[in-house]
Amino acid sequence: MASLVPRLLGRRTLHPAVALRSPRDAWMRFHGANPPRPCPLFRPSLGVDGCAGAARRWWFLSPVRHRSTAVTLNTDGGFARFSVGDLDTKQNGVQNQPPAKKKMSKKSKVNQLKWFRLKAKKKMKSPNPEVRIRYKLGKAKRKEEWLIEKLRKYEAPRAPEPVHDPEILTEEEKFYLKRTGEKKKNYVPVGRRGVFGGVVLNMHLHWKKHETMQVVCKPCRPGQVYEYAEELARLSKGTVIDIKPNNTIIFYRGKNYVQPKVMSPPDTLSKQKALEKYRYEQSLEHTSKFIEQLEQELEDYQKHVALFKKREGAISEQISNEDSAVDDLTTSSDTD
């Protein structure tokens, strides 16, 4: 009987609270003697080997418990999908998180750029003229949007300024100041950068010793000199005496002129930023002209295709009429 205990232990799992009784306990109870107190299955034995053996036996005899799983039904997107997993993790939203995007290596980025360039090259060398024109037009429009976005960064915010009361001058005073400004040779150039802080600073430096001065605008588009005159009058608080046909403006500093502490206004661009703005404006102007040219080419091509199809339809109709006339003649000759 004692030899069957290990086999029984290997076949079934016993609860740790259940005690194992030997045949000797039943024989002593039959003769009226009190059996000894049942001992537990695993006794804590002293020593490392005893503890390790008890732990090993307990691991083999303990029941295996699995985590609770649940089957869920997902009907998002009009499709039924079953998934098996823990309810806790799904309720917390751990499994619903999108996978992290993998960073592209340098080689993959280069390959992607090569693919885009090859695609653009095919469109540029397409035998269909409409495909080539539309590709150039789309590229030019994207560049135009990019330039407009760049130019928005160079818009200087205008601070609220005190109201400037311009001095009232008579016609005689205006004539005198005009002749004085034409005779004197002091001037300030306004070049491709346009109006920026350095132009206003030079005007105040000239007004230290002269009442009038000239502002020469070169290069200047037709009508742009009036915009320069208005902007400079606002920034410098001067008075415009005359605007000549050669894009020259004569300014008068005023009778009660006081040199400001900050001669360069804070709401103007610097010299470097003014040059960058001019380059973007020049590029935007050329891009706009190029877009107009491409749109005209596309319109002309579409008109040409429509006219060609119309002529082709008329020729085919004429040929079909001639064929029908020939068939009629042949049938009439056969009947005769």
Considering all heavy atoms of both residues, which atom of G191 and which atom of P219 are nearest to each other, and what is their separation? C-CD, 4.1 Å
Side chain to side chain contact (heavy atoms under 4.5 Å, CB included), that's the test. Do Q282 and Y278 meet it? Break it down for me. CA-CA 6 Å; Q282 191 179 26; Y278 165 75; 3.6 Å; yes
Using side-chain heavy atoms (C-beta onward) and a distance below 4.5 Å, is V188 in contact with V216? no
When you look at E182 and R179, which way does the side chain to side chain contact (heavy atoms under 4.5 Å, CB included) test go after all the steps? CA-CA 5 Å; E182 290 174 355; R179 294 296 298 272; 4.1 Å; yes
Between R253 and W207 (side chain of the first, backbone of the second, donor and acceptor by atom type, cut-off under 3.5 Å), is there such a pair? yes
Only one of Q296, Q302, H304, K303 passes side chain to side chain donor-acceptor pair (under 3.5 Å) with D300; say which it is. Q296
Within 6.0 Å of CE in M104, more than 12 heavy atoms from elsewhere: yes
Decide, yes or no, whether a salt bridge links R142 with E145 under the criterion of side-chain N to carboxylate O below 4.0 Å. no
Name the residue from N247, V190, N246 that meets the side-chain contact (heavy atoms from CB on, under 4.5 Å) definition with C220. N247
S126 side chain to N128 side chain, donor-acceptor N/O pair below 3.5 angstrom: no
Measure the OH-CD1 distance between Y187 and I250 for me, rounded to the nearest 0.5 Å. 15.0 Å
Show me the pairs that pass side-chain hydrogen bond (donor to acceptor under 3.5 Å, both in side chains) and involve residues 208-225, at least two apart or across chains. Q224-Y228
Quick one: NZ on K178 to NZ on K183, what's the gap to the nearest 0.5 Å? 13.0 Å
Non-hydrogen atoms of L294 and I133 that approach each other most closely: O-CG2, 3.8 Å
In the single-linkage hydrophobic clustering (I, L, V, M, F, W, Y; side-chain heavy atoms under 4.5 Å), do M203 and V225 co-cluster? yes
Minimum heavy-atom separation for G194 and F196, please, with both atom names. O-CD2, 3.4 Å
About how many Å separate NZ of K150 and OH of Y280, when rounded to the nearest 0.5 Å? 4.5 Å
Does a sphere of radius 6.0 Å around CD in Q259 hold more than 12 heavy atoms from other residues, nucleotides or ligands, not counting ones at 6.0 Å or beyond? yes
Are Y226 and V195 joined in one hydrophobic group, where the rule is that I, L, V, M, F, W and Y side chains link up if heavy atoms are under 4.5 Å apart? yes
How about T239 and L177: do any of their side-chain heavy atoms sit closer than 4.5 Å? no
As an exercise, state the distance from CG of L284 to CD of E281, rounded to the nearest 0.5 Å. 8.0 Å
Following the transitive rule for hydrophobic clusters with a side-chain heavy-atom cut-off under 4.5 Å over Ile, Leu, Val, Met, Phe, Trp and Tyr, establish whether Y257 and L169 coincide in one cluster. no
From D242 CG over to F251 CZ, what is the distance, rounded to the nearest 0.5 angstrom? 11.5 Å
Is it true that atom NZ of K244 has more than 12 heavy atoms of other residues, nucleotides or ligands lying nearer than 6.0 Å? yes
Are the charged groups of R234 and E231 less than 4.0 angstrom apart, N to O? yes
G197 and T268: which non-hydrogen atoms are nearest, and at how many Å? CA-OG1, 3.4 Å
Do K237 and P260 come within less than 4.5 Å of each other through their side chains, counting heavy atoms only? no
Verify side chain to side chain contact (heavy atoms under 4.5 Å, CB included) between K273 and K277, making sure each step is shown before the conclusion. CA-CA 6 Å; K273 289 187 176 181; K277 182 182 178 182; over 6 Å; no
All heavy atoms of P127 vs all of P129, minimum pair found to be O-CD, 3.4 Å
Please check: side-chain N/O of T180 versus main-chain N/O of Y176, any donor-acceptor pairing under 3.5 Å? yes
Could you go through K141 and E144, starting from their C-alpha distance and side-chain angles, then the distance that decides it, and tell me whether this counts as salt bridge (Lys or Arg N to Asp or Glu O under 4.0 Å)? CA-CA 5 Å; K141 286 183 178 179; E144 186 182 25; over 6 Å; no
Are I291 and Y301 linked, directly or through other ILVMFWY residues, by side chains that come within less than 4.5 angstrom of each other? no
Please identify which of these residues, L201, N202, V200, meets the side-chain contact (heavy atoms from CB on, under 4.5 Å) condition with H204. V200
Are E173 and K255 within salt-bridge range, i.e. N to O under 4.0 Å? yes
After noting the C-alpha distance and the side-chain angles of C217 and I249, does the key distance pass the side chain to side chain contact (heavy atoms under 4.5 Å, CB included) rule? CA-CA 8 Å; C217 305; I249 312 169; 4.1 Å; yes
Atom OH of residue position Y154 - does it have more than 12 heavy atoms of other residues, nucleotides or ligands inside 6.0 Å? yes
Enclosure of K184 NZ (heavy-atom neighbours >12, cutoff 6.0 Å): yes
Counting neighbours of CD on E230 that are heavy atoms of other residues, nucleotides or ligands and sit closer than 6.0 Å, is the number greater than 12? no
If we only count heavy atoms from C-beta on, is the Q272 to E276 side-chain gap below 4.5 Å? yes
V215 vs T248 side-chain heavy atoms within contact, under 4.5 Å: no
Shortest non-hydrogen contact between A140 and T287, atoms and distance: O-CG2, 3.5 Å
Rounded to the nearest 0.5 angstrom, the CD-CG distance for E155 and L269 is 10.0 Å
